[in-house]
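Reading through the structure tokens given below for one structure.
Nothing here was measured: the structure is a model prediction, and the numbers come from that model. As a basis for the values below, the full set of heavy atoms in this structure was taken, side chains included, without hydrogen atoms, waters or symmetry mates. Lettering of chains follows the sequences in order, A, B, ..., and the numbering in each one begins at 1.
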Number of protein chains: 2
Amino acid sequence: MSEKKKFGIKDIAKLANVSIATVDRVLNNRKDVSDVTREKIQKIIKENNYRPNMYARSLSVKNNLSIAVLIPRTSQQTGYWELCLTGINKGIDEFSSFGINIDVFLYDQEDVSTFNKAADTVFETKFNAVVVAPIFIEETRCFVDRCKQNGLQTIFINSDIPNSSSLGYVGPDLYSTGRLAGNLTSYLVQDESKLLILNVGKGLQNYKYLNTKIEGYTKYLENLGRNFDIVLRDIHHNDYNDVSRELSNLVEEIVPDLIFVTNSRVSVVGQFFHERPDFVKPHIIGFDFLPSNVDYLAKGVVDFLICQRPDKQGYLAIEYLYNYFLLKEKPADIKSMPIDILTIENYLFYEN
Amino acid sequence: MSEKKKFGIKDIAKLANVSIATVDRVLNNRKDVSDVTREKIQKIIKENNYRPNMYARSLSVKNNLSIAVLIPRTSQQTGYWELCLTGINKGIDEFSSFGINIDVFLYDQEDVSTFNKAADTVFETKFNAVVVAPIFIEETRCFVDRCKQNGLQTIFINSDIPNSSSLGYVGPDLYSTGRLAGNLTSYLVQDESKLLILNVGKGLQNYKYLNTKIEGYTKYLENLGRNFDIVLRDIHHNDYNDVSRELSNLVEEIVPDLIFVTNSRVSVVGQFFHERPDFVKPHIIGFDFLPSNVDYLAKGVVDFLICQRPDKQGYLAIEYLYNYFLLKEKPADIKSMPIDILTIENYLFYEN
DNA sequence: AATCATTGCGTAAACGTTACCGTAAATTCT
DNA sequence: AGAATTTACGGTAACGTTTACGCAATGATT
């Protein structure tokens, strides 16, 4: 209903006494325009604050961008990747009407061969870009090189292999994430408390991933000079019963004032203390907005959940590629994701 | 480069042996189609999972949606509304290429007449919708009624007047926000601590706004049964020197273990304790990601900043209207904004 | 002086969808 | 039975941009 007649290419052409083709040439700064007309047109463009109509532009160039997504399959032990996929799917819904088509390839994060197989499959179709979550460092490096040879842009999510992907990284800053956990810890416990850092999970391929967090955590707390007694332990199991058994031994031995679970498996620790009121419950900090984790946050068993928005990572990656390819925007460096703190009082409003 | 030929209206028409006009009729379920062909076409649409090309659709309907934004002017005492405007501007940048045009009208939040004047100005141009931040409750109600008569949709941001706006509300849940502050407080102080709730600011028109937060805060803490001593005070000043004077009296009298500043003026309290090391610094909790607030968060003077993403509120409101008018999506109820917790360790990653 | 390449520009056909206009055939009304 | 109306559909011009193609004028090469 607004009376503003949209100022378009035709109007520019009329003002400059040239054809729309010439205007288009200077807009997309191509050849075949004399300097004098080019400058005349550019002046008109600036003066009238011309904004191209993206609908028309995108309709005209038959841009069907196609993107491959290569991430781990959701296992029953961790719903983490399901969240990530949720974000990807949201991106698919939103962008498929805009000429983007997205194919998702899943691999088993405990089996390298499935990654390689999925990687091969990617090359069977001609994609423009691939979003990949690097679990197997070396294999991913190979894959990225192969993409580069085939003119495929790459972008990482969730964890980074620095200077490897062609378009960058969307995900959390792991070291800072660890420091934040340390920060929250410092509010929860008194000086000289006993702190237990706990790695839970069968796999061990992403140790570097966890270690960065742990380093941030311990460095932060050591610098406080509050004489905490920090212990680091692994529980190499996924199943609750196995974890429970080891945990009961651990807790009996260490008697921690606080447990920092370094990944998204914090719910099993929560479950343990919820089912075993015979143990005095320590404070608990963990990661990720999984339903099971939120459950124990809501029950008051887990104090803080630190979240890195895996769903948003996926969505942002897609959105970034959309901007990069279709709107031809400058590669505006991808920032790290926000690191969110969830408590029993604000989790309800955490957006998906 | 993807080989998938986009499946469009023409393809449907070919399969159904009808013209594209007929297909269009059933797509936009209009009249003038027999039941039998309608069903045949619908079947084809479903089977081939047809997705309309949004570019073409939006190009075809000359939809220049125009939106008015009616929010308080940024004062030097509070940069809050500047953040909000930032989000709006981001929306303008992003959506202006898509046929949306947005005009911003500012009013003085300490002067009702400026609101009414701005409101009048809105009606001089024909807008489709207006985004309004309600400060003056009654006047806003009038304005909304007037919009309704003129066929203007309304949407609130930042604070709500329930059942008033036609499209809903984008903003924080104030009661929960107060509870969260209480929750964080409970981590910072010991039983029987002295807590000071502080309203800072000259104006008093948004008292209801603050009281909802305060109610959430006190209710939460009282329910804990930890015998806190909670005191509520106002400082009716904006200028630092005035606030400082009153604050020094207050602190001498009360000696709080924690100060909960109920709005975005927390930086002046931070500044006070930073400049006056002769006073023992209490814990401090406040609101909003303003540069000055973040400054004292970074200095370690403020413990927690609770943020409601004013910038995102503005952006979301615009995005909502875009979806509502242009993509004709169902009014998917607007959720409350996430309530974010910022500490010295994660503020760097807080997205704008 | 004839040929050829280059420069600078215009014309028109796409892109997929919407919506107006026209018109046979079918139905209803006199 | 003829006229009037309704039903069901087809044809086609927009929407603003991109781009393949064409063509005149100029300058360079024989």
Side-chain angles (χ1 to χ4, degrees), chain A residues 2 4-42 44-45 48-65 96-101 325-328, chain B residues 2 4-42 44-45 48-65 96-101 325-328:
Chain A
S2 85
K4 307 207 173 186
K5 325 272 180 193
K6 186 72 176 153
F7 183 82
I9 282 191
K10 277 188 225 169
D11 305 290
I12 302 176
K14 215 170 293 169
L15 285 182
N17 270 328
V18 294
S19 76
I20 60 170
T22 305
V23 176
D24 183 71
R25 276 186 268 265
V26 7
L27 276 174
N28 299 42
N29 37 314
R30 282 185 297 232
K31 294 283 301 172
D32 293 342
V33 189
S34 70
D35 288 349
V36 41
T37 46
R38 182 182 297 276
E39 277 163 26
K40 180 169 61 174
I41 291 174
Q42 272 166 343
I44 294 176
I45 289 173
N48 297 70
N49 187 32
Y50 166 76
R51 296 298 191 110
N53 181 322
M54 283 307 177
Y55 293 127
R57 185 202 290 277
S58 300
L59 180 60
S60 186
V61 302
K62 307 195 287 183
N63 50 16
N64 31 16
L65 169 62
S96 69
S97 298
F98 291 97
I100 297 193
N101 116 302
F325 281 98
L326 265 35
L327 302 186
K328 287 173 186 171
Chain B
S2 83
K4 306 207 176 190
K5 323 274 179 193
K6 186 73 175 152
F7 183 83
I9 282 192
K10 277 188 225 167
D11 305 288
I12 302 176
K14 215 170 293 168
L15 285 182
N17 269 327
V18 294
S19 75
I20 60 170
T22 305
V23 176
D24 183 68
R25 276 185 270 265
V26 7
L27 276 174
N28 299 41
N29 38 312
R30 281 188 296 235
K31 294 281 302 171
D32 293 342
V33 189
S34 71
D35 289 350
V36 39
T37 46
R38 182 181 297 275
E39 277 163 27
K40 179 170 62 176
I41 290 175
Q42 273 166 342
I44 294 177
I45 289 173
N48 296 70
N49 188 29
Y50 164 77
R51 296 297 191 113
N53 181 322
M54 284 305 177
Y55 292 127
R57 184 202 290 277
S58 300
L59 181 60
S60 185
V61 302
K62 307 196 287 182
N63 51 17
N64 29 16
L65 169 61
S96 69
S97 299
F98 291 97
I100 297 194
N101 116 301
F325 281 98
L326 265 37
L327 302 187
K328 289 174 185 169

Could you state the atom-to-atom distance from [atom1] of [X] to [atom2] of [N] in whole Å?
X        : N       : atom1 : atom2 : result
Leu59(B) : dA14(C) : CG    : P     : 17 Å
Lys14(B) : dC9(D)  : NZ    : P     : 20 Å
Arg57(B) : dT18(C) : CZ    : P     : 5 Å
Asp11(B) : dC15(C) : CG    : P     : 11 Å
Ile20(B) : dG10(D) : CD1   : P     : 10 Å
Lys40(B) : dA8(D)  : NZ    : P     : 14 Å
Tyr55(A) : dT18(D) : OH    : C1'   : 19 Å
Asp32(B) : dG11(D) : CG    : P     : 16 Å

Side chain of [X] only, please: which of [options] is the nearest?
X        : options                   : result
Ile9(B)  : dT18(C), dG11(D), dT17(D) : dT18(C)
Ser34(B) : dT17(D), dT17(C), dA8(D)  : dA8(D)
Asn28(A) : dG10(D), dG10(C), dT18(D) : dT18(D)
Ser60(B) : dT17(D), dT18(C), dG10(C) : dT18(C)
Arg25(B) : dT18(D), dG10(C), dG10(D) : dG10(D)
Thr22(A) : dT17(D), dT19(D), dG10(C) : dG10(C)

Mind checking [X] for me? I need base, sugar-phosphate or nothing, with any heavy atom below 4.0 Å counting as a touch.
X        : value
Leu27(A) : nothing
Ser58(B) : nothing
Arg30(A) : base
Asn53(B) : sugar-phosphate

Tell me whether [X] contacts the main-chain N or O of [Y] through its side chain, where contact means a donor paired with an acceptor under 3.5 Å.
X        : Y        : result
Thr37(B) : Ser34(B) : yes
Asp11(A) : Gly8(A)  : yes
Asn53(B) : Tyr55(B) : yes

Comparing Val33(B) and Asp24(A) on DNA chain D - which has the more 5′ nearest nucleotide: Val33(B)
Under the criterion side-chain contact (heavy atoms from CB on, under 4.5 Å), I'd like the reasoning laid out for Ile45(B) against Leu27(B): C-alpha separation, chi angles, the key distance, then a yes or no. CA-CA 9 Å; Ile45(B) 289 173; Leu27(B) 276 174; 3.6 Å; yes
With a cut-off of less than 4.0 Å, is there a side-chain N or O of Lys10(B) near OP1 or OP2 of dC15(C)? yes
Do you know which two heavy atoms are closest between Arg30(B) and Arg38(B), and how far apart they sit? O-NH2, 2.8 Å
